[in-house]
Participant: 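Below is the structure I would like to discuss, written out as structure tokens.
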Amino acid sequence: MSSTQLEIQLIASLVAVACAIPGTFLVLRKMAMISDAISHSILPGIVIGFFITQDLNSPLLIILAALTGIITVVLVEYIQKTGLVKEDTAIGLVFPALFSIGVILIAKNANDVHLDVDAVLLGELAFAPFDRFLLSGIDLGPKSLWVTGGVLILTLTLLIAFFKELKVSTFDTGLAASLGFSPVIIHYGLMAVSSITTVGAFDAVGAILVVALMIAPAASAYLLTNELKRMLIFAICFGVCSAISGYWVAHWLDASIAGSITTMLGLLFLTVYLFAPRRGIIAVLYKERQQRVEVSLLTFLLHLKNHTEEEERHVNHLNEHINWQKVRSKLVLELALKNNMIQLEQNIVSLTQKGEDFTSKAIDYIITNQDSKIEHMKEDFFLFRG
Amino acid sequence: MAITTEANTKETPAATGTIAVKVDDLTVAYNYKPVLWDIDLEIPEGVLMAIVGPNGAGKSTLIKSILGILKPIAGSVSIYNKPYKKQRQRVAYVPQKGSVDWDFPTTALDVVTMGTYGSLGWIKRPGQKQKKAALEALEKVGMLPFKNRQISQLSGGQQQRIFLARALVQNASIYFMDEPFQGVDATTEVAIINILKELRKAGKTVIVVHHDLQTVPEYFDWVTFLNVKKIATGPVKDIFNDDNLTKTYGINYKVSIQE
């Protein structure tokens with residue numbers, strides 16, 4: 001692995017971490033689309049900054065672009081507040097307008113500016129190591145590495161300092177306000193950080209990938225954990241894994257790095273979406289199926305409890321009486337036998353003591369909805385897992 | 001000025017004579033439509049007070065304005081003679097259960113710990129002391145066995161009790177609660193009202209937005225009728241009558257008050 005390759009992977013990883021942090025809070029605040037808006041509408045800020053400084057890594061450029069990001073958020077909120085359009089419409093109105101101003105500015109000055117729309121959308125990660133940071137002739141590494149590193153340190157410092165405030169205002173705005181943590185300040189703080197992160201990452205990965213790096217790792221992490229700190233850690237790990245694996249996929253396929261990283265992010269989300277232990281599609285379908293079977297079991301047991309006459313309890317009559325298909329009847333019968341809830345004598349079914357107890361407890365629970373009565377059954381039956 | 005009823009001047013056993021919350025000429029508007037109009041209100045220390053009124057009467061708005069969550073267009077609020085900003089530590093707030101996202105990745109214990117954030121101020125993190133206080137509050141509402149449960153895995157009643165525990169941990173003098181009985185089972189309702197009565201016994205002031213008129217005389221000793229304007233405020237035994245109910249709800253109301 002050459003040092004150029006290492007530098008590209010390092011830049012991509014730092015960008016991924018810097019994006020995952022504000023991304024987690026944007027996802028939890030149901031504001032994922034605002035990152036899309038910011039990533040596009042900072043373009044005029046970048047272009048104007050570039051005209052002034054002629055340097056894509058100048059701090060002025062970052063400040064101007066972050067300012068445009070904040071202006072986007074303010075405009076969206078202002079338009080929305082008039083009550084004439086909904087939030088998503090407001091976002092859809094603001095960012096294309098600002099983005100197109102940026103596009104026109106680039107096109108008008110295309111001759112003397114080496115900044116093109118392709119680079120803006122997809123970044124130039126492959127070229128990032130060539131723009132070196134030289135201090136009195138000493139090579140201190142790629143400039144992007146310094147920019148993204150700086151942005152990451154800022155983001156991490158703010159996260160660690162204001163974690164508690166971010167958490168409470170994201171979960172419960174009203175409480176945060178009543179405790180004296182102004183939700184407005186925290187909101188705009190988060191927007192400012194998102195804008196700065198976007199600008200910092202923009203040069204390396206472009207407007208489209210910034211959005212993917214902010215949202216996809218956080219959305220995947222959300223499906224895997226019940227705790228905010230863990231969600232942040234998962235999101236960061238997912239971001240870094242996708243960045244590095246994406247780089248190598250691009251290397252082998254000789255394709256765009258930004259495109260490959262985004263593809264890896266998509267694949268990662270798809271995997272989690274399907275296979276997440278509790279909230280994944282497969283787990284949910286499995287749980288639903290189990291619950292259906294167990295409701296059938298309960299219906300069956302209740303039927304046995306209510307009927308003492310033998311003809312109602314004959315195996316062959318169950319199909320007709322409870323009106324089930326053969327497969328389902330067999331499944332339920334086997335489940336009940338396996339759990340020692342019923343016994344069979346010459347094809348006549350009767351409840352065991354355990355079956356009797358289970359049925360009355362379950363009915364009790366369904367009627368009173370008191371969790372304490374079935375707490376010990378939760379381990380064995382999906383029906384009671386809420 | 002708002003209407004003052006005779007009841008205002010009468011003594012109740014719980015009241016100490018100190019005014020806990022004072023609202024002066026408060027007007028709040030959404031898009032220039034007044035939701036609360038010229039409210040004057042004095043809440044004596046040590047009462048357990050219900051705020052009643054029809055939907056859209058401004059009950060939640062009143063609480064939110066007192067707590068500085070909404071900005072009034074006119075009027076002022078004081079808590080023990082000082083502006084709310086200086087008295088935050090003495091006030092606890094239980095928002096409506098539906099106002100938060102219960103799928104948020106956090107545990108019951110963590111939500112209760114949030115109640116301690118106000119005393120910590122900016123940046124400082126909760127430590128062992130705060131965790132201990134949160135565990136005690138969970139115990140008080142009977143939710144200790146569920147401390148590590150993710151909050152979406154709790155029933156509606158349990159979620160409400162978590163909110164109550166979060167307010168208890170603030171160890172405030174005044175508690176504001178926005179419909180704590182909404183959508184809870186009978187067991188939780190009893191548990192909540194017992195805690196509210198305990199708070200009053202400890203000399204705290206409790207203000208509750210309440211919907212079920214039948215239970216007002218049983219649960220509360222003080223009541224405020226609200227419908228954009230303040231209709232009446234005072235001891236339940238003096239002013240909770242058909243006359244005020246009719247003025248507030250606009251239709252003939254007959255509520256038989258149990259002695």
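Keep in mind that this is a model prediction, so the values were computed, not measured. Reminder, nothing fancy here: chain letters follow the sequence lines and each chain counts from 1.
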Participant: Non-hydrogen atoms of chain A under 4.5 Å away: do they reach the side chain of B:Asp110, the backbone, both or neither?
Facilitator: side chain

Participant: Between B:Leu70 and chain A, with a heavy-atom cut-off of 4.5 Å, which part of the residue counts as in contact: side chain, backbone, both or neither?
Facilitator: neither

Participant: Would you check if B:Phe104 and A:Lys167 make a side-chain contact, meaning some heavy-atom pair closer than 4.5 Å?
Facilitator: yes

Participant: Assess whether atom CH2 of B:Trp37 is packed by more than 12 heavy atoms of other residues, nucleotides or ligands within 6.0 Å.
Facilitator: no

Participant: So which part of A:Ser178 gets closer than 4.5 Å to some heavy atom of chain B, the side chain, the backbone, both or neither?
Facilitator: both

Participant: When heavy-atom pairs shorter than 4.5 Å are enumerated against chain A, which of B:Ile69, B:Thr113, B:Leu67 gives the highest number?
Facilitator: B:Ile69

Participant: What part of B:Tyr84 gets closer than 4.5 Å to chain A, counting heavy atoms only: side chain, backbone, both or neither?
Facilitator: side chain

Participant: Return yes if some donor-acceptor pair links the side-chain N/O of B:Arg125 with the main-chain N/O of A:Phe163 below 3.5 Å, else return no.
Facilitator: no

Participant: Please report the shortest heavy-atom distance between A:Leu175 and B:Met114, naming the atom on each side.
Facilitator: CD2-CB, 4.1 Å

Participant: Looking only at heavy atoms and a cut-off of under 4.5 Å, which of B:Gln89, B:Arg166, B:Lys124, B:Gln170 has the most pairs with chain A?
Facilitator: B:Arg166

Participant: Please determine whether the number of non-hydrogen atoms from other residues, nucleotides or ligands lying under 6.0 Å from atom CG of B:Asp24 exceeds 12.
Facilitator: yes

Participant: For residues A:Lys164 and B:Trp122, determine if any side-chain heavy atom of one lies less than 4.5 Å from a side-chain heavy atom of the other.
Facilitator: no

Participant: What part of B:Val94 gets within 4.5 angstrom of chain A, counting heavy atoms only: side chain, backbone, both, or neither?
Facilitator: neither

Participant: How long is the gap from CG on A:Asn226 to OG on B:Ser152, to the nearest 0.5 Å?
Facilitator: 6.5 Å

Participant: Sort A:Arg29 into side chain, backbone, both or neither according to what part of it lies under 4.5 angstrom from a heavy atom of chain B.
Facilitator: neither

Participant: I need the residue from B:Ala186, B:Gly121, B:Pro126 with the largest number of non-hydrogen atom pairs under 4.5 Å to chain A.
Facilitator: B:Gly121

Participant: Give the interface residues of residues 180-197 of chain A toward chain B, defined by a heavy-atom separation under 4.5 Å.
Facilitator: A:Gly180, A:Phe181, A:Ser182, A:Ile186

Participant: Report, in residue-number order, which members of residues 212-224 of chain A are under 4.5 Å from chain B by heavy-atom distance.
Facilitator: A:Tyr222

Participant: Just so I know, are the side chains of A:Asp172 and B:Phe163 near enough to count as touching, which here means a heavy-atom distance under 4.5 Å?
Facilitator: yes

Participant: Might you point out which heavy atoms bring A:Phe171 and B:Asp101 nearest each other, and give the distance in Å?
Facilitator: CE1-O, 3.6 Å

Participant: For the side chain of A:Glu227 and the backbone of B:Pro105, is there at least one donor-acceptor N/O pair under 3.5 Å apart?
Facilitator: no

